[in-house]
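Everything on this sheet refers to the single structure shown next.
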Amino acid sequence: MVRSHLVELMRRHQLRIAELARLAEVNRSTVTALTRDRATRVDLGALERICTVLGCGLGDLLEIVPEEPAQDNDAPLAGAH
């Protein structure tokens, strides 16, 4: 899973979604999707412009985190007979 740190970066720069979209010349829906961790495909040029506006690197903006395994609610509890 890819996690976005865009909300924190925007907060540091006191930017709102519409302001960042305008400054980075990207679609507002792209910024919104990144802030909600719902982006599935983002143009590399858009990511570059966002990072340029925020003065950060791609690694500051996005982080790869391992998927958490789904819990099996039907599995017996440890020690239960």
Side-chain angles (χ1 to χ4, degrees):
M1 171 179 161
V2 177
R3 179 176 295 149
S4 169
H5 297 286
L6 185 55
V7 172
E8 294 88 1
L9 292 166
M10 288 172 55
R11 195 172 290 136
R12 275 190 223 152
H13 292 272
Q14 299 179 349
L15 289 172
R16 297 191 181 277
I17 290 172
E19 294 170 312
L20 178 58
R22 181 180 56 80
L23 292 170
E25 298 179 358
V26 299
N27 194 308
R28 187 174 166 170
S29 63
T30 299
V31 177
T32 300
L34 284 167
T35 61
R36 296 180 180 166
D37 285 329
R38 297 192 191 275
T40 55
R41 295 180 185 209
V42 182
D43 179 68
L44 290 176
L47 291 174
E48 179 183 9
R49 291 189 301 276
I50 289 170
C51 287
T52 298
V53 168
L54 296 174
C56 70
L58 194 54
D60 301 317
L61 178 61
L62 302 174
E63 173 188 12
I64 297 174
V65 294
E67 294 280 342
E68 293 183 16
Q71 291 185 346
D72 185 1
N73 292 333
D74 294 332
L77 297 176
H81 295 276

- Query: Quick check: are there more than 12 heavy atoms from other residues, nucleotides or ligands sitting under 6.0 Å from CD of Glu25?
  - Reply: no
- Count the heavy atoms of every other residue, nucleotide or ligand shown that sit under 6.0 Å from CD of Glu48, and state whether that count exceeds 12. no
- Could you pull out the closest heavy-atom pair between Ser4 and Leu6, with the gap in Å?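 For Ser4 versus Leu6, the nearest heavy atoms are OG-N, 3.1 Å.
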Let me confirm one number: the [atom1]-[atom2] distance from [X] to [Y], rounded to the nearest 0.5 Å.
{"X": "Cys56", "Y": "Glu8", "atom1": "SG", "atom2": "CD", "value": "11.5 Å"}
{"X": "Thr30", "Y": "Ile17", "atom1": "OG1", "atom2": "CD1", "value": "11.5 Å"}
{"X": "His13", "Y": "Met10", "atom1": "NE2", "atom2": "CE", "value": "10.5 Å"}
{"X": "Leu61", "Y": "Cys51", "atom1": "CG", "atom2": "SG", "value": "4.5 Å"}
{"X": "Ile50", "Y": "Leu62", "atom1": "CD1", "atom2": "CG", "value": "9.0 Å"}
{"X": "Leu9", "Y": "Thr35", "atom1": "CG", "atom2": "OG1", "value": "12.0 Å"}

[Y] reachable from [X] in the ILVMFWY side-chain graph, under 4.5 Å edges:
{"X": "Met1", "Y": "Leu47", "value": "no"}
{"X": "Val7", "Y": "Leu15", "value": "no"}
{"X": "Val65", "Y": "Val2", "value": "no"}

Mind checking whether [X] and [Y] have side chains closer than 4.5 Å, heavy atoms only?
{"X": "Asp60", "Y": "His5", "result": "no"}
{"X": "Leu54", "Y": "Leu20", "result": "yes"}
{"X": "Thr32", "Y": "Arg38", "result": "no"}

- How would you list, by chain and number, every residue that makes a side chain to side chain donor-acceptor pair (under 3.5 Å) with Thr52, sequence neighbours excluded? none
- Do the side chain of Arg22 and the main chain of Ala18 share a donor and acceptor less than 3.5 angstrom apart?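 Not a single qualifying donor-acceptor pair exists.
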